[in-house]
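Index from 1, following the sequence.
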Amino acid sequence: MKQTKDNPVAEMIRAKVFLAPMSGVTDISFRLLARKHGCRFAFTEMIDVNGIFYNNLKTIKMLDSVPEDRPLGVQLVGQDVKKIVLAAKICEEKGYGLLDLNAGCPARKVISAGKGSALLKDLKQLGLIIRNLVKVLSIPVTVKIRSGWDKENVNCVEAAKTAEAEGASAICVHSRTREVMYRGNPCHEWTRRVKESVKIPVFASGNIFKPLDVSKVFDLTGCDAISVARGAFGYPWIFDDIYRYLTDGTVNFPLSFDEVKKVMIEHFSFCFKHNDKTRVFPRMYKHVCWYLARFKHLNDIMKKYPRSNDFEEMKRFINDLCVDDRNRLYLSDKGVVCAGLF
Ligand SMILES: Cc1cc2nc3c(=O)[nH]c(=O)nc-3n(C[C@H](O)[C@H](O)[C@H](O)COP(=O)(O)O)c2cc1C
């Protein structure tokens, strides 16, 4: 895998928005799809260093990429310095141009092993990991943090200063505490304080669901770039919409139902090409629900979702999807053909 010669952090800043690392979501097919719809920088899913250290085939497969999937950052999650360093070197050898350390994941099984947002409770360990990564890698090391562990322990400024002192090239702040997981509104004020406290670039994360949110978060935080996470669920063309809005201020270009179907088929085709072909239907189930979330009768329709891994059958299912004038989904036997595709 060859990345461009540009500094990836500079590329992120130039891109203004990037696809966030999301476990179970930002696999190669979703990244390629997002790129087709405007995304200019993306991250892998969080990858556990244990899986790389012990050569777990499923984990190693998660590192796969293709030349069109650039520029791309890899995100690692771990606690043990030796394992993290070894996994990071493997990623660098594979050609990744940027490595992000996850110090924000709130999942119980992650924090119980001292990884993810648990590192916010142990800034000494966080600093040690960053120092060692920076020492052995020639690619930039960035760090993803939350605003803190809980409302009594909001320490993102301290964590960011630690990261900067140990040589991190940038920091991304998800401005919620571990305690609230993904609930409620992020407090972007904390990202602003981080931005005012360090010299390295700062990226903001939290509640980017529409183009307008991007300008608001730039204004609130003064950050250098913004990550798009749940906002891309069932809406990978959010990147096109954001850039259109940032360029000429236009909003509200909803895709027609046929265009959404076309994107779904594109997504399936990437998935059949790049992911495990025997696992496409469970992998795509949630995505199909997200694409169709704004329509009625979704549960009934999903009962008909093919439990098979056959591309033709999946295409037939999507082509047969219709909506009536009351926004209700139904399946037509004749199908509505997505013209121009396949
Ligand atoms: C399903 C899901 C998986 C996620 N996985 C990761 C991950 O692997 N690494 C990471 O740093 N953040 C992960 N996140 C957090 C997002 O990157 C982002 O910081 C968070 O969702 C806040 O942004 P939002 O409010 O715009 O969704 C995940 C979020 C979701 C919803």
Side-chain angles (χ1 to χ4, degrees), residues 7-9 12-13 20-21 43 46-49 73-89 91-92 98-107 110-180 186-206 221-227:
N7 173 350
V9 173
M12 292 171 81
I13 296 170
F43 277 96
M46 154 183 101
I47 299 178
D48 196 308
V49 297
V74 62
Q75 191 189 62
L76 295 183
V77 65
Q79 195 272 346
D80 180 87
V81 174
K82 206 170 90 192
K83 288 180 186 167
I84 296 178
V85 163
L86 181 128
K89 278 163 102 172
C91 293
E92 186 176 35
L98 179 146
L99 189 137
D100 188 51
L101 174 71
N102 184 315
C105 179
V110 171
I111 56 168
S112 62
K115 310 181 237 186
S117 55
L119 288 172
L120 294 176
K121 294 209 287 188
D122 188 354
L123 294 189
K124 211 167 143 213
Q125 182 68 6
L126 178 69
L128 190 68
I129 296 170
I130 299 167
R131 187 185 316 154
N132 279 278
L133 283 173
V134 171
K135 198 162 75 186
V136 300
L137 297 178
S138 55
I139 57 175
V141 174
T142 61
V143 186
K144 168 91 175 277
I145 58 174
R146 283 189 171 238
S147 46
W149 180 258
D150 57 24
K151 60 179 182 302
E152 280 80 39
N153 295 283
V154 171
N155 63 347
C156 51
V157 168
E158 213 186 331
K161 283 183 174 171
T162 303
E164 180 177 51
E166 298 297 353
S169 294
I171 189 120
C172 179
V173 187
H174 175 191
S175 44
R176 290 184 175 92
T177 61
R178 187 270 154 187
E179 182 184 34
V180 303
C187 179
H188 288 297
E189 167 67 15
W190 284 109
T191 309
R192 193 180 61 75
R193 291 194 197 174
V194 168
K195 177 66 192 160
E196 286 167 357
S197 310
V198 295
K199 293 197 176 63
I200 53 175
V202 173
F203 308 134
S205 170
T221 63
C223 70
D224 299 277
I226 293 175
S227 87

key: Expected output: side-chain Arg146 to main-chain Thr177 donor-acceptor under 3.5 Å   = yes
task = Would you please name every residue forming a ring-ring contact (aromatic ring centres under 6.0 Å, His included) with Phe43, sequence neighbours left out?
result = Phe18, Phe41
query = What side chain to side chain donor-acceptor pair (under 3.5 Å) pairs are there with at least one residue in residues 193-203, not counting sequence neighbours?
reply = Glu189-Arg193, Arg192-Glu196, Lys195-Asp224
task = Not counting sequence neighbours, which residues clear side-chain contact (heavy atoms from CB on, under 4.5 Å) with Val136? List them please.
result = Val85, Lys89
note = salt bridge (charged side-chain N to carboxylate O under 4.0 Å, His left out) pairs touching residues 158-173, sequence neighbours excluded, are Arg131-Glu166
inquiry  = According to side-chain contact (heavy atoms from CB on, under 4.5 Å), who are the partners of Val74, at least two apart in sequence or on a separate chain?
reply    = Thr44, Ile47, Leu63, Leu76, Cys91, Tyr96, Leu99
note = Rounding to 0.5 Å, atoms CD1 (Ile139) and CG (Leu98) come to a distance of 6.5 Å
note = When rounded to the nearest 0.5 Å, the distance separating OG of Ser227 from NZ of Lys144 is 5.5 Å
ask   = Which distance, rounded to the nearest 0.5 Å, do you find between the NE2 of His174 and the SG of Cys156?
value = 11.5 Å
message = Show every side chain to side chain donor-acceptor pair (under 3.5 Å) that has at least one partner inside residues 111-121, sequence neighbours left out.
response = Asp48-Lys115
request  = Calculate, to the nearest 0.5 Å, the distance between atoms OG1 and CZ belonging to Thr191 and Phe203 respectively.
outcome  = 12.5 Å
remark   = When Asn102, Leu119, Leu101, Ile84 are each screened for side chain to side chain contact (heavy atoms under 4.5 Å, CB included) with Val77, the one that passes is Asn102
